[in-house]
Amino acid sequence: MAKIIVVTSGKGGVGKTTSSAAIATGLALAGHKTVVIDFDVGLRNLDLIMGCERRVVYDFVNVINKEATLNQALIKDKRTNNLYILPASQTRDKDALTMEGVQKVLDDLSKDYDFIICDSPAGIEQGAQMALYFADEAIVVTNPEVSSVRDSDRILGILQSKSMRAEKGQSVKEHLLLTRYNPERVATAEMLSVADVEEILAVPLLGVIPESEAVLKASNQGAPVILDTESNAGKAYSDAVKRLLGEEVPHRFLDVEKKGFFKRLLGGK
Amino acid sequence: MSQPCFRMKGTTLTSIVLEVVSFEPDEFESQLAEKIASAPLFFTRSSLILHLNAPLSATEFELLVALCRRHDLQPMAIKGVTEGLKSTINDLGMADISQSKISEKPLAENKPVEASVSQSQQAPAEAPAQVETVTHTVEVVKPAKIVARPVRSGQQVYAEGSDLVILGAVSEGAEILADGNIHVYGTLRGRALAGVKGNEQARIFCQNMEAELVSIAGRFVMQENIQNKCWKKPAQAYLDADALLIEALS
Ligand SMILES: Nc1ncnc2c1ncn2[C@@H]1O[C@H](COP(=O)(O)OP(=O)(O)O)[C@@H](O)[C@H]1O
Ligand SMILES: [Mg+2]
C-alpha cells in the first residue's frame with residue numbers, strides 16, 4: 001500500500017511543483033518506488049520541471065476518461081530509477097477530474113508504489129480539494145510572508161475537515177515546508193522568520209528551503225534541484241526527504257551566511 | 001452609522017405563580033409570612049405572578065399587592081379573574097397576562113423533614129421544629145465543547161448551549177462562538193463571541209490575546225481597541241454594566 005502525500009499551499013507560485021519534483025526524486029533515490037502526479041490540469045508544469053515534456057503522449061485525464069491505460073500514461077524518469085511521472089493535460093479544463101476517476105487511479109497505483117506524490121494546483125477550490133482528498137499526509141508549502149501563511153492556514157483547515165481521512169474521523173499528518181527562505185530579508189524584518197511561521201501554523205517543520213538561483217537553473221535544465229547536490233536548495237531538499245523518512249536531521253541555511261575572511265577582504269558577495 | 005441604542009431579545013424567566021384562592025387580608029398575610037419563613041432565601045425578591053381564582057375589588061387587589069411587597073415579593077404580572085381591575089393593574093405598573101400561555105408546575109412540597117436542633121438546650125421539648133423543603137428543578141449544565149485541534153482561518157466552531165474550550169490556537173480569519181464562556185489555551189488571533197444568545201454573564205478567557213474581535217452578548221470590541229490593553233498577554237473579557245472590559249489575567 002502506497003503512502004499518498006499531497007504537496008499543497010493555497011497560494012500559487014510558492015514552490016509546490018518545485019518541491020513535488022524534488023521530494024519525489026529524493027524518495028526514489030532512497031530506493032522507494034515513487035510516482036508523482038500533476039493535479040494542475042490546464043497548466044501542466046510538472047513535466048517541464050522533471051524534463052519529460054517531450055515524452056508526454058497520454059495524461060491523467062486520458063486515464064480517467066479510459067482513453068488510455070495507466071501504464072500508457074506513466075512516464076519513467078530517465079535519470080532516476082524507481083521514479084514515474086503522471087502528467088496533467090494542458091488542454092483540458094479544470095473539471096476534467098472526477099472524484100471516482102481519481103480514486104480509481106490512486107487505488108491502482110497504490111498496489112505498485114511506495115509513495116504517491118500529488119502536486120496540487122493553487123487555490124482552495126475544487127482542484128486543490130481533489131488533490132488533497134485521498135491524502136494520508138500533507139506537505140504544506142509556505143513562503144515566509146503573511147499572505148502565504150494565511151493561505152496555508154486555510155488549506156490546513158480544509159485538510160482536517162474535507163479530506164477523506166477527516167470525514168472518517170482520522171487526521172492527515174501535516175508537514176510544514178518553508179520555501180524561498182531568505183535569511184537576509186528575515187534579518188531586516190522584510191520576511192517572517194521560521195519561528196514566526198511555526199508559531200502561527202503550529203505544524204511540525206519538515207524543512208526550510210533557501211531562496212536559491214539553483215532552482216531556476218534546475219527548472220531551465222529540466223532536472224529537479226535535489227540532483228544539484230552542490231546547491232543549498234538541493235541539500236535542503238535532501239534533508240527534508242530524510243526527515244520525511246523518519247530520520248532526525250538538523251536544519252541548516254537558517255541564518256545569514258557570514259562572509260569568509262578572504263571574501264570580506266575582496267569585498268565579494 | 002450611529003451605534004444602536006437598544007437591542008430586542010427574547011428570554012424565558014422562571015417565576016413563582018401565587019394562586020390566590022381566597023383573600024382575607026389578615027389570614028392571607030399570616031399564611032404568607034409562614035410560607036416565606038419556611039424558605040426565606042428561595043422567596044426573597046422573587047418575581048411573582050398573581051393568579052386570581054376569585055374576583056377581587058380594586059381596593060382588595062391593591063392591598064394584596066402591598067402585602068406581597070411588604071414581604072419582599074415582587075408581583076409583576078397578573079392572570080385569572082381580572083375583570084374590573086384593568087386600570088388598577090396599569091396604575092400599579094403590572095401586566096395582565098391572562099391571555100398569555102404559561103406553563104405552571106406545582107412547587108414540589110416534600111414531606112416535612114425533622115431539623116436537628118443541637119445548639120440550643122433552651123429549646124422547649126415541644127414538637128421538633130419542622131422545616132419544609134422546597135425543591136425546584138434546575139437545568140443540568142450541558143458539558144463544554146472541547147476542541148483539541150487548532151481552529152484554522154475560514155473555520156467556525158460553535159458551542160450551542162454550552163462553554164467552548166479550545167486547546168490550541170485560533171487563527172486570524174477563524175471564528176469561535178459559544179452560548180456560554182470561551183476558553184482558549186493557545187493564541188486567540190481570530191474572532192471570539194461568547195454569550196451569543198444574550199448571556200451577559202459569559203466571559204472569554206485566553207492564554208494569549210491577539211484577537212481580531214471579542215464580543216459578549218452582542219457587545220463587541222475590535223482589534224484596534226484591544227491592542228493598547230493586554231495585547232499578547234493572558235486576558236479575559238467580560239461585561240460590566242454594559243461595558244465590555246478586557247483586562248490582563250495576572
Ligand atoms: N527555493 C527557491 N528559490 C528560488 N526560486 C524558487 C524557489 N522555489 C520556487 N522558486 C520559483 O518560484 C516559482 C514558482 O515555483 P513553483 O514550484 O512552480 O510554484 P507552485 O507550484 O507553487 O506554483 C518558479 O519560478 C520557481 O522557479
Ligand atoms: Mg505548480
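By convention in this document, chain letters (A, B, ...) are assigned in the order of the sequence lines, proteins followed by strands, and residues within each chain are numbered from 1. Everything quoted here is computed from the prediction, not taken from an experiment.
Applying the side-chain hydrogen bond (donor to acceptor under 3.5 Å, both in side chains) test to pairs two or more places apart or on separate chains, none has a residue in residues 223-233 of chain B.
The side-chain heavy atoms of B:Pro150 and A:Gln160, taken from C-beta on, include no pair separated by under 4.5 Å.
Residue B:Gln155 touches chain A through its side chain alone, counting heavy-atom pairs closer than 4.5 Å. Both the backbone and the side chain of A:Glu199 come within contact range of chain B, each with at least one heavy atom under 4.5 Å from a heavy atom of that chain. Looking at A:Leu201, both its backbone and its side chain come within 4.5 Å of chain B, counting heavy atoms on both sides. For chain B, no part of A:Ile124 is nearby; none of its heavy atoms comes within less than 4.5 Å. For a residue to count as touching a neighbouring chain, one of its non-hydrogen atoms must lie under 4.5 Å from one of that chain's; by this rule A:Val146 does not touch chain B.
In this structure A:Phe115 satisfies the ring pair (Phe, Tyr, Trp, His ring centres under 6.0 Å) test together with A:His32, sequence neighbours excluded. For the side chain to side chain contact (heavy atoms under 4.5 Å, CB included) test, residues two or more places apart in sequence or in another chain that qualify with A:Asp151 are A:Lys11.
A distance-only check finds no donor-acceptor pair linking the side chain of A:Asp153 to the backbone of B:Arg152 [under 3.5 Å].
Contacts from residues 180-190 of chain B to chain A, taken as heavy-atom pairs separated by less than 4.5 Å, involve B:Thr187, B:Arg189 in sequence order.
Applying the 6.0 Å contact sphere to CD of B:Gln201 captures no more than 12 heavy atoms from other residues, nucleotides or ligands. More than 12 heavy-atom neighbours from other residues, nucleotides or ligands sit within 6.0 angstrom of CD on A:Glu190. Heavy-atom contacts from other residues, nucleotides or ligands closer than 6.0 Å to CZ of A:Phe253 number more than 12.
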#### Entry: Pair A:Arg154-B:Ser171, side-chain contact (heavy atoms from CB on, under 4.5 Å): steps then yes or no
CA-CA 9 Å; A:Arg154 284 194 160 238; B:Ser171 295; over 6 Å; no
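Pairing each heavy atom of B:Gly173 with each of A:Arg150, the nearest pair is CA-NH1, 3.8 Å.
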